[in-house]
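Whatever order the structure lists them in is the order used to number ligands and atoms, beginning at 1.
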Amino acid sequence: MELIDRPRRLRRTDTVRRLCRETRLSTDSLIYPIFIDETLSGVRPIASLAGQNHYGLDSVARAAEECLAHGVTHGILFGLPAGKDGCGSSAWAEHGVVQEAVRAIKASFPDFYVITDVCMCEYTDHGHCGILHGQEVDNDETLAYLSKIAVSHAAAGADMVAPSDMMDGHVAALRRALDGAGFQNIPIMGYSAKYASAFYGPFREAAGSAPAFGDRRGYQMDPHNRKEALRECALDAAEGADILMVKPALSYLDVIRECADAFDLPLCAYSVSGEYAMIKSAAAAGLVDERRIMCETALSIFRAGANMLITYYAKELADAIRQGEIG
Ligand code: PBG
């Protein structure tokens with residue numbers, strides 16, 4: 001009888017594999033993006049995002065209902081307003097598209113958790129994320145507008161606000177405004193490390209928010225940088241953010257890992273439109289197994305340290321978790 005002369009690895013039977021998993025996914029940690037078009041009645045497929053829809057205000061509750069049917073209990077709302085102007089006034093209108101969408105969802109599904117994206121690019125006629133002075137976004141003037149938007153979302157019944165504008169001081173400004181309006185318990189999820197990314201392409205088409213001139217590199221982060229992400233997260237944390245975010249996810253897994261290790265706040269990752277569209281089109285071309293690629297990419301993001309994930313695949317991932325394809 002031969003003696004064991006080398007360490008031996010665990011036999012990987014199905015049960016052992018499940019027992020020893022280092023990363024576990026839960027439907028509780030998934031957030032689904034919902035697009036609402038104020039001019040639409042019914043539901044219309046989004047051309048740039050196969051499998052995703054624009055919802056009219058008359059049917060947005062259906063979006064929440066579909067999520068709940070898959071076990072997904074969190075959504076993040078993006079609005080396409082009927083009108084735009086220089087200062088994005090439809091963004092904070094009492095009966096604006098997002099405000100009405102929140103009310104419609106809450107009226108039918110009060111337990112569906114509603115996060116709202118707080119930004120101006122979908123509402124300004126120039127498509128930038130703030131108030132312009134000449135060709136430049138005026139950081140500090142923009143803060144006052146963002147604050148009004150966040151308060152109007154909370155007043156409509158939003159559960160959490162997520163500023164995606166990348167202005168300096170935005171979390172502190174929103175915290176002050178929300179507290180002042182009696183919304184001390186509304187958490188803020190900062191889009192803390194948001195890179196100036198080509199992966200947002202399909203979203204800008206879906207949300208009608210491409211800038212009319214220039215780009216967002218003045219306020220979004222340079223993909224060359226890693227330490228800057230830590231600094232951005234530190235600022236949002238110091239200003240009172242409840243959750244930090246890294247966006248996009250797949251090309252920034254190193255940043256997710258570092259931010260997860262460096263901060264004691266929950267970390268969200270946003271798997272953005274381009275990441276989804278790449279998988280969709282590769283799968284449509286018959287090049288990859290969509291379901292397995294979807295699972296593997298989501299897993300990589302959680303393995304990197306994310307605690308929650310905004311993803312266009314939220315419903316399919318929830319199915320995969322329930323059916324044991326992913327753990
Ligand atoms: C708004 C905003 C963007 C995304 C989320 N919020 C677009 C941008 O910054 O250009 C992108 C989301 C995606 O690509 O899925 N500022």
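Annotation for E22: atom CD does not count as buried by contact number, only 12 or fewer foreign heavy atoms lying within 6.0 Å.
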List, one per line, each side-chain donor-acceptor pair under 3.5 Å for residues 63-73, sequence neighbours excluded.
from	atom 1	to	atom 2	distance (Å)
E66	OE1	Y55	OH	2.8
H70	ND1	D319	OD1	2.9
H70	ND1	D319	OD2	3.1

Under 3.5 Å, N/O to N/O: give me all the pairs between ligand 1 and the protein, one per line with atom names and distance.
from	atom 1	to	atom 2	distance (Å)
ligand 1	6 (N)	K247	NZ	3.4
ligand 1	9 (O)	K194	NZ	2.7
ligand 1	9 (O)	Q220	NE2	3.0
ligand 1	10 (O)	R204	NE	2.5
ligand 1	10 (O)	R204	NH2	2.7
ligand 1	10 (O)	R216	NE	3.0
ligand 1	10 (O)	R216	NH2	3.3
ligand 1	14 (O)	S273	N	3.2
ligand 1	14 (O)	S273	OG	2.7
ligand 1	15 (O)	S273	N	2.8
ligand 1	15 (O)	Y312	OH	2.5
ligand 1	16 (N)	S164	OG	3.4
ligand 1	16 (N)	K194	NZ	3.0

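Taking the six-membered ring for Trp, F203 and F35 have ring centres closer than 6.0 Å.
Defined by atom type and a distance below 3.5 Å, a donor-acceptor pair is present between the side-chain atoms of E290 and Y313.
The pair D14-R17 meets the salt-bridge criterion, since a charged nitrogen lies less than 4.0 angstrom from a carboxylate oxygen.
Between Y312 and Y270, the angle of the ring planes lies from 30° to 60°, which puts this pair in the tilted group.
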